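Below you'll find the structure, written out as structure tokens, and then a few comments.
Numbering of residues begins at 1 and proceeds along the displayed sequence. In listed order, ligands and their atoms are each counted from 1. Everything numeric here is computed off the predicted structure, so don't read it as measured data.
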Amino acid sequence: MKSLSKIFLSLPKVELRRGFYILILMLPLWTTKSVAQETNKNMDIEKKIDQLLSKMTLEEKVGQMVQFSGNSAITGPLKAVPRQLEDIKSGMVGSMLNVVGAENTRELQKLAVENSRMKIPMLFGLDVIHGYKTIFPIPLAEAASWDLEAIENSARIAAIEATSAGINWTFAPMVDIARDARWGRVMEGAGEDPYYGSLVAAARVRGFQGDDLSTVISMAACAKHFAGYGAVEAGREYNYVDISRRVMNDVYLPPFKAAVEAGVSTLMSSFNEFEGVLATANSYLLREKLKGDWAFNGFVVSDWNTIGEMLIHGTAKDNKDAACQAIEGGTDMDMATGAYRHNLAELVKEGKVDEKLVDDAVRRILRVKFKLGLFDNPYKNCNAELEKEMLLNPLHLAAARDMARKSIVLLKNEGQMLPLSADVKKIAVIGEMANSKDHMMGFWSAQGEGKDVVTILEGIKAAVPSTEVIYAKGCGVNEEKPVYDDAIAAALESDVVVMTIGENRIQTGEASSRGDISIPGKQEELLSYLLKTGKPVVVLLTNGRPMAIPNLAKNAPVILETWFLGSQAGNAIADVLFGKYNPSGKLTMSFPYATGQVPIYYNHRNTGRPEKPNSSRWISHYLDIPNEPVFPFGFGLSYTTFEYSDLKLDKTTMDRNGSINISLSVKNTGKYDGEEVVQLYTRDLVASVVRPVKELKGFKKVMIKAGETADITFTLSAKDLAFFTKDMSFKAEPGDFKVFVGTNSVDCKEAEFTLNLR
Ligand code: BGC
């Protein structure tokens with residue numbers, strides 16, 4: 001395994017290397033170990049950890065629990081003054097973040113393994129969220145593909161590039177359920193649904209880690225932010241969180257549990273509190289649930305300075321107090337504060353912290369290092385030549401283009417205006433984002449560089465070389481006094497207009513909450529002028545969150561949700577515009593009618609006064625806006641059309657150990673071959689606690705040729721219907737259920753069955 005990169009580099013360039021590289025990509029399939037081999041390896045690791053622990057001083061143990069930042073990508077105020085190099089040499093640093101490049105990491109690793117007494121290698125962590133150098137679509141966009149294999153592959157390629165550049169640990173996947181689009185970090189996750197979010201979480205973990213962490217192309221993943229961070233009050237970043245234990249368990253924890261079951265190596269505790277106790281010191285979350293109920297055997301890292309921020313929250317009087325609470329709560333590694341570094345040993349010596357807690361934390365950290373194979377070869381990820389080969393490898397760019405096409409959602413296509421004919425004579429491309437490289441990468445773009453991005457304008461030009469393509473900015477995203485003349489003139493002299501409308505990349509992501517999620521600036525005003533020219537206008541939405549777009553949805557004849565699609569954005573968008581790829585994406589967050597509707601999500605609980613047609617005033621509604629979103633969860637069109645029919649259940653009662661088959665036919669009734677995401681939802685009609693009005697329980701993404709019909713079958717069993725009941729036990733309750741199958745969370749066919757717990 002270790003010599004793979006050597007073999008790769010020894011091959012005379014291009015074709016051979018590519019062939020060999022494809023084999024490397026398939027490697028996880030061959031390296032799968034038997035259970036017995038795996039158990040032996042794990043027992044061996046535990047013995048080695050015992051030996052190490054027995055030789056380490058208390059200070060050396062604490063050193064393993066310390067993470068300092070290098071300077072390349074600081075994401076918050078660095079409070080500690082790191083005497084980093086000396087600390088590394090004396091074994092006082094277990095991990096660095098934000099140090100990138102095979103040569104840099106090699107240099108620092110050398111300091112640790114050649115100078116420190118215990119010679120323990122360091123972990124190098126980085127936010128590799130959607131690609132390293134080859135940038136993939138933002139995670140919320142990738143989620144819209146409903147293609148778990150493609151999502152896993154995207155994470156795999158990110159890992160291949162990052163590991164070639166010295167990084168052995170990514171702070172991803174972000175698996176926070178997000179239902180409030182004001183929160184900028186919705187772009188980092190998979191959206192509003194716990195079931196789907198869990199599947200995506202597991203896929204991303206598998207992608208980053210592969211089947212065997214010790215291969216040169218695997219890195220430790222980190223499910224974050226544990227837990228409840230997506231529920232920040234009013235969608236304001238870093239704000240207070242107040243959710244019940246039931247909601248925490250029902251909604252926010254499932255993707256973390258799925259990540260743990262997929263073998264995730266680490267978790268990151270979040271900035272927020274739960275039940276008044278900061279997540280970083282929350283023993284219910286970290287000790288009872290994660291390390292107890294779920295038997296997680298990896299380690300927990302704090303988020304940036306969350307231990308230090310306890311002082312600001314007013315739950316700790318100083319760093320020493322904060323360190324004490326964090327270790328007791330269950331946080332194993334301190335990111336960037338220095339609170340462990342300077343206080344933990346003393347706390348143990350004073351008898352305030354049991355050394356067993358320190359031993360347990362260090363054991364967890366060493367376990368991950370052993371599994372990564374760092375004790376066998378601390379430099380396994382430090383090969384500058386391999387790094388050069390891997391970054392922006394053409395195979396990665398091809399995968400990024402494919403992922404980007406899959407992430408696009410067709411929201412509206414009046415008069416079947418799309419796909420455009422490649423014979424069109426002249427196209428006007430309008431909007432700031434159409435000609436932007438940096439913005440297309442979205443937030444958290446690791447080591448991505450704008451110069452490597454294909455813009456929308458470039459993508460269109462390359463796709464239709466015989467068409468004249470003219471560009472006019474028309475209106476900056478946030479511009480208040482734009483001059484539209486050039487844009488209108490360009491539209492008037494063209495056959496088709498393609499206009500980008502939306503946000504820029506730094507309007508979403510960390511620390512980018514917005515109080516108003518409608519279209520910023522004057523972009524819609526410009527659109528109204530362009531529509532008045534009478535030319536066909538295609539709107540490309542560029543955004544990292546659902547936006548409140550009632551007018552756009554009404555006025556624009558054609559809307560493609562194109563998010564921030566990464567290095568290959570322009571090529572992917574052109575593939576869809578000109579019909580080389582038939583869009584198949586579906587939203588995984590509801591698009592509200594107005595900011596006042598958020599948080600808005602399809603799987604909300606019922607009220608005692610739900611809105612019904614012709615209902616009176618005394619119902620749960622707004623006086624000025626509808627309850628419904630503009631585009632619901634699961635929504636997305638295709639260039640073709642699908643007809644659902646013959647929904648059948650093979651029986652109408654299900655027993656405790658039984659199951660029900662739900663079948664239906666989906667016919668492609670249009671002119672194009674196309675993929676459809678067929679979605680299965682249920683509703684528990686009477687339960688011991690208020691249940692969601694609909695819950696996703698399954699989906700199938702199927703390619704159906706024009707004119708053909710696909711027969712689809714889902715199987716549901718009692719365990720799929722389990723939830724946290726009145727006494728907080730996780731089980732299904734007997735009674736009647738509704739089943740919905742459809743093309744999105746609203747347009748569904750319905751049936752009913754009864755669950756008997758006999
Ligand atoms: C973010 C984390 C990130 C960390 C390290 C924090 O500000 O909340 O998601 O992993 O910085 O960059």
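Nearest approach of Glu387 to Ala165, heavy atoms of both residues: OE2-CB, 3.5 Å.
In this structure, Met174 does not count as a contact residue of ligand 1, since none of its heavy atoms falls inside 4.0 Å of the ligand. The shell of residues lying under 4.0 angstrom from ligand 1, judged by heavy atoms, excludes Glu188.
Less than 4.0 angstrom separates some heavy atom of Glu510 from each of these atoms of ligand 1: 1 (C), 6 (C), 7 (O), 8 (O). Annotation for ligand 1: atoms under 4.0 Å from non-hydrogen atoms of Phe171 are 10 (O). Set against the non-hydrogen atoms of Arg185, the atoms of ligand 1 under 4.0 Å away are 1 (C), 2 (C), 8 (O), 9 (O). Using a 4.0 Å cut-off to heavy atoms of His225, the atoms of ligand 1 that qualify are 2 (C), 8 (O), 9 (O). Using a 4.0 Å cut-off to heavy atoms of Leu97, the atoms of ligand 1 that qualify are 5 (C). Atom numbering of ligand 1 starts at 1 in the shown order; those under 4.0 Å from a heavy atom of Lys224 are 2 (C), 3 (C), 9 (O), 10 (O). Using a 4.0 Å cut-off to heavy atoms of Phe271, the atoms of ligand 1 that qualify are 7 (O), 8 (O). The Met268 neighbourhood of ligand 1 comprises atoms 2 (C), 10 (O), with distances under 4.0 Å to a heavy atom of that residue.
Side chains of Gln325 and Asp321: a donor on one and an acceptor on the other come within 3.5 Å. A side-chain donor from one of Tyr238 and Glu510 sits under 3.5 Å from a side-chain acceptor of the other. No hydrogens or angles considered: a donor-acceptor pair under 3.5 Å links the side chains of Lys289 and Asn249. For the residue pair Asn543/Glu561, the side-chain donor-acceptor check at 3.5 Å is satisfied.
Pairs passing the ring pair (Phe, Tyr, Trp, His ring centres under 6.0 Å) check and including a residue from residues 244-265, sequence neighbours excluded, read Phe226-Phe256.
Polar contact with ligand 1: absent for Trp304 (N/O pair, distance under 3.5 Å). Taking any N or O of Asp127, backbone or side chain, at least one lies under 3.5 Å from an N or O belonging to ligand 1. Considering backbone and side-chain N/O atoms, Trp444 never comes within less than 3.5 Å of an N/O atom of ligand 1. By the 3.5 Å distance cut-off applied to N or O atoms, Tyr229 is not counted among the residues near ligand 1.
Ion pairing between a basic and an acidic side chain is recognised when a charged N comes within 4.0 Å of a carboxylate O; Arg182 and Asp180 show such pairing.
The side-chain contact (heavy atoms from CB on, under 4.5 Å) test applied to Lys110 returns Glu114, Tyr379, not counting sequence neighbours.
Of the candidates Val128, Leu97, Leu123, Trp169 forms a side-chain contact (heavy atoms from CB on, under 4.5 Å) with just one, namely Leu123.
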